[in-house]
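Report on the following structure.
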Amino acid sequence: MREKMKETRFEKEYALTLNKILARFTMFDDVFEEYKRTVQKITRGRCLASENLKDLAGYWHQNCEQFHLFLERIGTTPAPAEFMKLHRTLLAEMRNYYNEVCTAQQAINWMQNSCCQTTLQSAFSELTEVKERIDETLEGINGVAM
């Protein structure tokens with residue numbers, strides 16, 4: 001009986017950890033979505049005088065590095081056996097997300113003050129699909145919300 005109680009506590013702890021992971025992921029997603037909007041404003045000439053592709057590319061790169069560190073921490077986060085498949089799937093999808101965010105960042109050619117809109121749009125379309133797969137992965141898990 002005690003074993004079962006420990007297991008339940010660990011599962012609750014993992015659910016709390018998972019909620020923290022998802023909250024941080026949502027924060028990163030909001031940042032990258034804002035970068036996308038800013039790129040579009042800059043390329044259309046509807047931006048603030050202080051906004052430029054060079055600075056944006058630098059900020060984007062810094063956040064990509066932080067997201068990579070975030071993924072490394074997720075990879076070392078222990079998960080109960082019942083959640084191991086979920087944890088691996090979630091990590092794999094977040095790695096897919098990271099790859100697409102990096103692709104979107106590489107679409108910016110700050111030296112020529114331009115952006116490959118096709119690459120940017122393709123990357124962000126894939127990001128939408130990745131987020132949908134993450135939502136599907138999380139469906140039905142009690143105590144976890146994205």
Side-chain angles (χ1 to χ4, degrees), residues 1-44 47-48 50-110 114-146:
M1 186 78 163
R2 287 183 186 239
E3 291 268 318
K4 185 69 172 163
M5 292 177 79
K6 285 182 183 178
E7 214 172 88
T8 303
R9 193 190 92 219
F10 189 57
E11 289 173 6
K12 287 180 183 179
E13 287 175 11
Y14 180 73
L16 291 172
T17 299
L18 190 55
N19 276 325
K20 289 176 187 176
I21 289 169
L22 295 173
R24 184 104 192 259
F25 173 74
T26 301
M27 183 221 32
F28 276 113
D29 184 52
D30 289 345
V31 167
F32 292 123
E33 284 288 331
E34 186 60 34
Y35 288 168
K36 174 188 171 190
R37 286 189 289 276
T38 303
V39 166
Q40 292 170 336
K41 287 193 291 184
I42 291 170
T43 57
R44 292 181 184 143
C47 59
L48 301 174
S50 62
E51 293 176 321
N52 61 69
L53 291 177
K54 181 179 181 179
D55 289 346
L56 182 63
Y59 299 140
W60 202 316
H61 180 74
Q62 288 173 353
N63 276 291
C64 282
E65 288 177 352
Q66 290 301 310
F67 192 76
H68 181 72
L69 294 173
F70 170 65
L71 290 176
E72 287 179 0
R73 283 191 293 271
I74 294 171
T76 61
T77 301
E82 304 82 47
F83 290 98
M84 193 56 86
K85 182 179 177 187
L86 166 85
H87 189 80
R88 286 185 191 132
T89 302
L90 185 62
L91 182 58
E93 289 300 342
M94 287 188 180
R95 284 181 177 145
N96 290 337
Y97 181 93
Y98 170 76
N99 291 335
E100 293 303 323
V101 164
C102 289
T103 298
Q105 190 265 333
Q106 292 168 357
I108 301 171
N109 185 342
W110 62 268
S114 66
C115 177
C116 179
Q117 289 295 326
T118 304
T119 302
L120 188 71
Q121 292 303 324
S122 175
F124 274 92
S125 292
E126 183 58 32
L127 288 174
T128 300
E129 291 178 25
V130 169
K131 290 186 286 187
E132 288 172 2
R133 291 191 302 263
I134 289 172
D135 283 343
E136 289 171 10
T137 301
L138 296 172
E139 281 182 9
I141 304 291
N142 291 329
V144 177
M146 181 154 156

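Values below: all heavy atoms of this structure, side chains included; hydrogens, waters and symmetry mates excluded.
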### Query
Who passes side chain to side chain donor-acceptor pair (under 3.5 Å) against Asn96, sequence neighbours left out?
Glu93
### Query
Among all residues two or more places apart in sequence or in another chain, which pass the side chain to side chain contact (heavy atoms under 4.5 Å, CB included) test with Ser125?
none
### Query
Who passes side chain to side chain contact (heavy atoms under 4.5 Å, CB included) against Gln121, sequence neighbours left out?
Lys36, Gln40, Gln117
### Query
Which heavy atom of Cys115 sits nearest a heavy atom of Val39, and at what distance?
SG-CG1, 3.5 Å
### Task
Name all residues meeting the side chain to side chain donor-acceptor pair (under 3.5 Å) criterion together with Glu34; count only those two or more places apart in sequence or in a different chain, and write none if there are none.
Arg37
### Task
Enumerate the residue pairs fulfilling salt bridge (charged side-chain N to carboxylate O under 4.0 Å, His left out) with a member in residues 117-126, sequence neighbours excluded, ordered by first and then second residue.
Glu126-Arg133
### Task
Please list, chain by chain and in numerical order, all residues satisfying side chain to side chain donor-acceptor pair (under 3.5 Å) with Glu72, sequence neighbours excluded.
His68
### Query
Can you find a heavy atom in the side chain of Phe124 that is under 4.5 Å from one in the side chain of Leu127?
yes
### Query
Under the salt bridge (charged side-chain N to carboxylate O under 4.0 Å, His left out) test, which residues partner Glu129, sequence neighbours left out?
none
#### Entry: Reported CG-to-OH distance for the pair Leu90 and Tyr97, which is rounded to 0.5 angstrom
13.0 Å
### Message
Just to verify, what does Leu71 make a side chain to side chain contact (heavy atoms under 4.5 Å, CB included) with, not counting sequence neighbours?
### Response
Phe67, Ile74, Leu91, Met94, Arg95, Tyr98
#### Entry: Contacts of Met84 that satisfy side chain to side chain contact (heavy atoms under 4.5 Å, CB included) - sequence neighbours left out
Ala79, Arg88
### Query
Mind checking whether Tyr14 and Leu86 have side chains closer than 4.5 Å, heavy atoms only?
yes
### Task
Report yes if the side chains of Cys64 and Phe32 come closer than 4.5 Å at any heavy-atom pair, otherwise no.
yes
### Query
If you take all heavy atoms of Ile108 and Ala57, which pair is closest and at what distance?
CG2-CB, 4.2 Å
### Message
Distance check, rounded to the nearest 0.5 Å: Lys131 atom NZ versus Glu100 atom CD?
### Response
12.0 Å
### Partner residues of Asn63 under the side chain to side chain donor-acceptor pair (under 3.5 Å) criterion, sequence neighbours left out
Tyr35
#### Entry: Non-hydrogen atoms of Phe25 and Ile134 that approach each other most closely
CZ-CD1, 3.8 Å
### Query
Within the side chain of Thr26, is there an N or O that forms a donor-acceptor pair under 3.5 Å with the backbone of Leu22?
yes
### Summary
One should read off an interatomic distance between Thr17 OG1 and Arg73 CZ, to the nearest 0.5 angstrom, of 13.0 Å
### Query
Less than 4.5 Å apart, any side-chain heavy atom of Gln106 and any of Thr119?
no
### Query
Which distance, rounded to the nearest 0.5 Å, do you find between the OH of Tyr59 and the CG of Asp55?
4.5 Å
